[in-house]
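What you see below is based on every heavy atom in this structure, not just the backbone, and it leaves out hydrogens, waters and symmetry mates.
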Amino acid sequence: RGRKKMNEGRIHLLCVGINKYPNYPSGQLNFCKNDAELIFNSYSSYACQTKKLIIDDEATKQNILIALSEISNNIREEDYIIFSFAGHGVSKNIADANSENNYICPSDFKFDYPEITGISLKELKEKLETIKSKNKLLILDSCYSGGALRREMEKIGFREISSKEFLELAPEGSGYGIITACDSDEKAEESPELKQGVFTYYLIESLKSETKKELKFVEVKQTLTKKAIFMQKNTPGICTLQIPGADHCRTGTGCVSAVV
């Protein structure tokens with residue numbers, strides 16, 4: 001529909017999607033790249049101040065952190081940042097998980113050196129705090145491991161990161177909105193029919209259905225909840241979408257532009 005301009009602020013868009021993990025045990029994914037491209041293409045029609053898509057081999061720790069630093073250097077308080085990550089996320093210590101040993105996994109992640117090759121939630125939080133925008137939306141989709149891979153990870157002292165741990169990235173009432181796909185005891189669905197992760201596909205479809213150009217984060221959660229309920233009733237056995245509750249979403253005071 002052509003390029004669109006926002007009434008307030010500028011959009012800074014960073015989308016990361018990783019299917020290929022050379023150092024991950026049996027951990028190749030199918031549609032994370034597609035998910036990142038879907039979010040990127042949906043928002044690229046706006047006049048973004050920053051828009052960057054990083055996929056597969058290019059999605060190294062260094063490249064992700066540099067991209068966040070570039071946004072930090074150019075963003076204003078009234079601007080929006082949308083950061084999406086689709087890929088693996090792990091906790092190093094099953095008994096004592098915290099922000100220093102919970103990681104999102106870049107493409108060059110190595111289990112032998114998680115502190116060096118992973119991006120800890122502590123490091124990610126500190127990086128986000130340098131970004132002075134009051135409107136930060138984080139879309140985090142990283143619970144893909146089935147039973148066999150989970151057991152293999154547990155043998156070496158790791159597990160999938162949980163949605164509650166992601167929510168620690170932002171305090172209640174802040175300008176953050178955080179939406180995660182599932183918890184550590186659930187599995188994020190990838191749909192061969194859609195060729196997408198179910199969570200990301202219906203998140204974007206939910207935003208497209210809105211008539212407003214700007215939504216409060218709590219409205220994003222409400223819209224996605226309606227879509228989740230609809231999908232569970234109308235597509236049994238094809239795909240499921242987790243209904244977002246307190247353990248999956250944190251809605252602060254900020255806003256995000258709707259996809260129209």
Side-chain angles (χ1 to χ4, degrees), residues 5-18 35-36 39-40 42-55 58-87 89 98-100 102-107 118-142 161 163 165-181 200 203-204 207 213-221 249-259:
K5 294 183 179 180
M6 297 301 302
N7 292 329
E8 297 180 7
R10 307 169 303 185
I11 296 175
H12 299 260
L13 178 65
L14 173 59
C15 300
V16 179
I18 307 170
D35 288 350
I39 296 173
F40 181 82
S42 297
Y43 275 100
S44 288
S45 58
Y46 289 107
C48 297
Q49 179 69 18
T50 303
K51 55 182 181 181
K52 190 154 193 174
L53 174 67
I54 310 178
I55 57 176
E58 294 183 356
T60 62
K61 177 177 181 176
Q62 179 176 344
N63 286 345
I64 294 170
L65 293 179
I66 287 175
L68 287 170
S69 293
E70 289 173 346
I71 290 174
S72 180
N73 292 337
N74 293 288
I75 203 165
R76 307 170 303 178
E77 283 191 3
E78 64 268 30
D79 289 349
Y80 307 83
I81 175 173
I82 301 168
F83 172 55
S84 74
F85 177 86
N98 58 59
S99 63
E100 293 186 6
N102 289 323
Y103 305 91
I104 61 172
C105 300
S107 61
I119 301 176
S120 73
L121 294 193
K122 180 177 184 291
E123 186 174 13
L124 181 57
K125 182 178 181 180
E126 290 172 350
K127 180 64 69 173
L128 291 169
E129 286 174 348
T130 69
I131 298 174
K132 55 181 176 284
S133 167
K134 294 180 179 178
N135 305 290
K136 303 174 185 176
L137 177 63
L138 311 182
I139 303 170
L140 304 166
D141 194 354
S142 65
I161 199 168
S163 60
E165 289 157 344
F166 275 133
L167 298 186
E168 293 175 5
L169 286 169
E172 293 282 2
S174 66
Y176 286 79
I178 301 178
I179 304 177
T180 68
T200 301
L203 172 62
I204 294 300
L207 293 175
K213 287 190 175 181
E214 182 178 85
L215 295 174
K216 294 179 180 179
F217 289 145
V218 67
E219 293 175 309
V220 175
K221 176 182 175 181
C249 297
R250 175 155 292 172
T251 54
T253 57
C255 300
V256 66
S257 56
V259 181

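- S99 pairs by the side-chain hydrogen bond (donor to acceptor under 3.5 Å, both in side chains) definition with nothing, not counting sequence neighbours.
- Of all non-hydrogen atoms in C15 and A36, the two that sit nearest each other are CB-O, 3.7 Å.
- Note that the CD1 atom of I82 and the OH atom of Y43 stand 4.0 Å from one another [nearest 0.5 Å].
- A 4.5 Å side-chain heavy-atom check between T50 and E70 finds every atom pair outside the cut-off.
- No donor-acceptor pair under 3.5 Å is formed between the side chain of S72 and the backbone N or O of L68.
- Of all the heavy atoms in I18 and F85, the pair that sits closest is CD1-CE1, 4.0 Å.
- Between the side chains of H12 and D79, at least one donor N or O sits under 3.5 Å from an acceptor N or O.
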Exercise for the section: Any chance you could lay out the side-chain contact (heavy atoms from CB on, under 4.5 Å) test for L124 and F83, step after step, and finish with the verdict? Expected result: CA-CA 11 Å; L124 181 57; F83 172 55; 4.2 Å; yes
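- Side chain of S120 to backbone of N102: no donor-acceptor contact under 3.5 angstrom is found.
- Salt-bridge annotation for K52 and E58: absent, with no side-chain N of the basic residue lying under 4.0 Å from a carboxylate O of the acidic one.
- Between K134 and E77, at least one side-chain N (NZ, or NE/NH1/NH2) sits under 4.0 Å from a carboxylate O, which counts as a salt bridge.
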Practice task
With side-chain contact (heavy atoms from CB on, under 4.5 Å) as the test, would you mind laying out the steps for I81 and N135 before giving the verdict?
Solution key: CA-CA 6 Å; I81 175 173; N135 305 290; over 6 Å; no
Handout entry: Working for side-chain contact (heavy atoms from CB on, under 4.5 Å), residues K127 and S69
Key = CA-CA 7 Å; K127 180 64 69 173; S69 293; 2.7 Å; yes
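- In this structure, CD1 in I39 is found 11.0 Å from OG in S44, a value given to the nearest 0.5 Å.
- For E126, the side chain to side chain contact (heavy atoms under 4.5 Å, CB included) partners are K122, not counting sequence neighbours.
- The OG1 atom of T130 lies 9.5 Å from the CD1 atom of I75; values are rounded to the nearest 0.5 Å.
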Exercise for the section: Take K132 and E78 through the test salt bridge (Lys or Arg N to Asp or Glu O under 4.0 Å) and record every step on the way to the result. Expected result: CA-CA 9 Å; K132 55 181 176 284; E78 64 268 30; over 6 Å; no
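- Distance alone, capped at 3.5 Å, is enough to place a donor-acceptor pair between the K136 side chain and the I131 backbone.
- For the atom pair CG of L13 and CD1 of I71, the computed distance is 8.0 Å after rounding to the nearest 0.5 Å.
- Results of the side chain to side chain contact (heavy atoms under 4.5 Å, CB included) test with P106 over L65, V16, I64 single out I64 as the only residue that passes.
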